[in-house]
Structures are given as C-alpha cells and as structure tokens.
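For reference, the structure is listed below as structure tokens.
Just follow the structure's listing: the first ligand is 1, and inside any ligand the first atom is 1. Note that the numbering runs from 1 along the sequence shown for the chain.
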Amino acid sequence: VSIVQSVRWGDRGVVIIDQRLLPEKCVERELTTLDEVCDAIRTLAVRGAPAIGIAGAMGLVVSTRPRKGDSREGYIEALRANAETIRATRPTAVNLPWALARMVRVGEAQAGDSEVIHKRLFDEASAILAEDRAMCRSIGEHGVALITPNARIITHCNTGALATGGIGTALAPIYLAAERGLAPQVFADETRPLMQGSRLTAWELSQANIAVSILPDSAAASLMREKKIDLVIVGADRIAANGDVANKIGTYSLAIAAKHHGVPFYVAAPSSTIDPETASGADIHIEQRGADEVRRTGGTITAPTDVDVYNPAFDVTPASLITAIITDRGVHKPPFHFPA
Ligand code: MRU
C-alpha cells in the first residue's frame, strides 16, 4: 500500500500535510515553534488521534530545541511546561496525553546534560512514529479477516494515513482488503461539520484507487435499511476500560442504526488509544468546538450568525453497541475489559 505521510521530520521542525486545505490542495507545512505546533493541532491542520499524539511528541522536541544548551533542570522544566501546553490543545483523544507523558517520563529518566536528553527525546518521538506505523499494519492484518469479498463498508470521519503514522486504523483493514483483491466498496459519511469524510477519506481512498462513495451522515440509516451495507468500521479517540468508545460526533447514531439493522459494528484502534484509567464513557471529556464551525459551511453563512450552537466534536458509543474492537493485539469481543 502506498500512502501519504501526514507527519514527518523536516530540516527545521515537524512537517505535516495541512489537512485544512484538502482535498483542493495537498500542501506540507513545517512547524518550528511551540505556538505553531499548538495552533496546528487546535485548528486540525494535523488531526486524528494517533497523528496528534505523534505530532505532539515530535512538536515537543522542536519546542525544547532552543533550551538544549540550558542546565539539565532548566531543560526538564521547559519540557514539562511545553508538554502541558501541547496537551491542553485538545482534550478527547488519549493518544496526545499518552505520547506526551511518555516523552516527559523518558526525558526525566535519561542521565546526562540537556544535549543528551534532547537527543534521547528525538529518538523517542521517532519511535512513537515508527510504532504507530507498525500498529496500523497489525490492525489491518487482524481486521482484514472480518472483510468478505466485495464487502460494502460504512465508515465515519477520517481514520486513514492522514490520521495516523501508517495505513490508518479503521481504513487499515480496507487498504489490505483492496491489496488482496477483495474489492471493498467504501461508503464514507461526510462527517459534518468539518467534513473529514468527504474532504479527507474520499480523497485518500481515491488516491489509492479504492471504490468510495460519500453520503450525508443522515443517509446512513436508510442505506442500512435498504440492506446495502455489510459492516461498519470506525476509529476511536479514547477507549475506556469497559469498552465504551469516544469517536467523531455521529459515530453513536451510526452504531444505533447498525444495531437496529443487525449490521456488525467494528471499532479499530491502536493500543495507544486504550485508556485503562478511564472506567467508562461517562468519564471521557468531550471537546466542544466553536459555533462558527456549524453556522458557516465552507465559509458561507448557513445559519443566523448569532444563533446558539451545540457543537461537540465527539460522542460516546456504549460498549453494548460494539460487535468487536480491533487493535494491534487482535480482535477483542465483548464483554470488553481493558485493565491497566
Ligand atoms: O477531530 P478529528 O478529525 O481529529 O477526529 C478524528 C476522529 O474522530 C477519528 O475517527 C479518530 O481519531 C480515529 S482516527 C485514527
């Protein structure tokens, strides 16, 4: 599978594909300061749970580079402060705090001066990227076993190469199914309000020559009623210990529709998305985003400019609606239990 690289090292910083400009333009942007890293994550220039974890870790290295002549204590202090600033950009995907906490732990444990610690952290962020790539592959290998020839698959949001360091989470089994001649047919929810399905998933699957149609989110249930869908696969931003899953807003309605119509509902995610510290979905902090994301569509005013808006970026799908959770470790069936 040949795919785009959403996050990589550049000469001066972290290079990302600016996902705000897709599908019109595929343009890279280099992030060289703490502010640029935070802004890119907050505005979804880089997005998707695994990708923000990777960009956060690599961005932390870039942000502490000016401190590498400092005393060991000064450097560690900056490391902790910058990690906290990056963590605060988006609250729901656990991959971001997971990657940052790992970086801070490794930095604190490394003996030597700030130069040595800095070099160690560069290697650790590179390892986080490489591990994510490998986890995507394993998710694909486990998940492809669930895909029958010519399967008609609904997905939501973007969970592919753009959202990860590799071939994706929910899209990984689809990439491998295509590679193995199973000819999957993908139905991508548009994913209002920010259109990750129509802008990003449709773009990346088309690039890979995989059959994809887009539909308004509100059309998914009808498509299932017409018996035109064999399975649903979505990603996750945080999986609680009991198997409740936070993912892009609209995932919960898709799960309810799938349950009603007897369509299998799969969640695919790397181990870094499992949060054993969170007991259930009720404990997950759901990000609320700005009103103008809903009042305006593609820059055009599509609502009274002062109307109240409800704009949660994510919702929680209870474990009871999930057929199986596919991770890099295998296919987990209910009852789910992800202990620390
Ligand atoms: O707001 P986004 O675009 O970062 O939301 C992304 C999602 O909800 C994805 O489905 C999730 O991160 C899994 S992607 C590998």
Just let me know how [X] lines up against ligand 1, side chain, backbone, both or neither, with a heavy-atom cut-off below 4.0 Å.
X	answer
Cys157	side chain
Arg90	side chain
Gln196	side chain

Taking 4.0 angstrom as the limit and counting only heavy atoms of Thr159, give me the atoms of ligand 1 inside it, by number and element. 10 (O), 14 (S), 15 (C)
Please identify which atoms of ligand 1 are closer than 4.0 Å to at least one heavy atom of Ala49. 12 (O)
Geometric N/O contact [X] with ligand 1, under 3.5 angstrom:
X	value
Asp237	yes
Leu44	no
Thr169	no
Pro50	no

re atom 5 (O) of ligand 1, the protein heavy-atom contact at minimum distance is Lys248 CE, 3.3 Å
Atom 3 (O) of ligand 1 sits nearest the protein heavy atom Arg47 NE, 2.5 Å
Please say whether more than 12 non-hydrogen atoms of neighbouring residues, nucleotides or ligands are located less than 6.0 Å from [atom1] in [X].
X	atom1	answer
Arg133	CZ	no
Phe187	CZ	yes
Glu77	CD	no
Arg180	CZ	yes

Does ligand 1 have any atom that is closer than 4.0 Å to a heavy atom of Ala93? no
Quick check with a 6.0 Å cut-off and a 45 degree axis cone: is Lys248 positioned over the face of Phe314's six-membered ring? yes
For a quick check under 3.5 Å, do [X] and [Y] share a side-chain donor-acceptor pair by atom type?
X	Y	value
Asn158	Arg47	yes
Asp237	Thr92	no
Arg20	Thr43	yes
Ser138	Asp328	no

May I ask which of Asn158, Asn247, Thr164 has a heavy atom nearer to atom 14 (S) of ligand 1 than the others do? Asn158
Name the option, out of Ala163, Ala172, Gly48, Ala236, that contains the heavy atom nearest to atom 13 (C) of ligand 1. Ala236
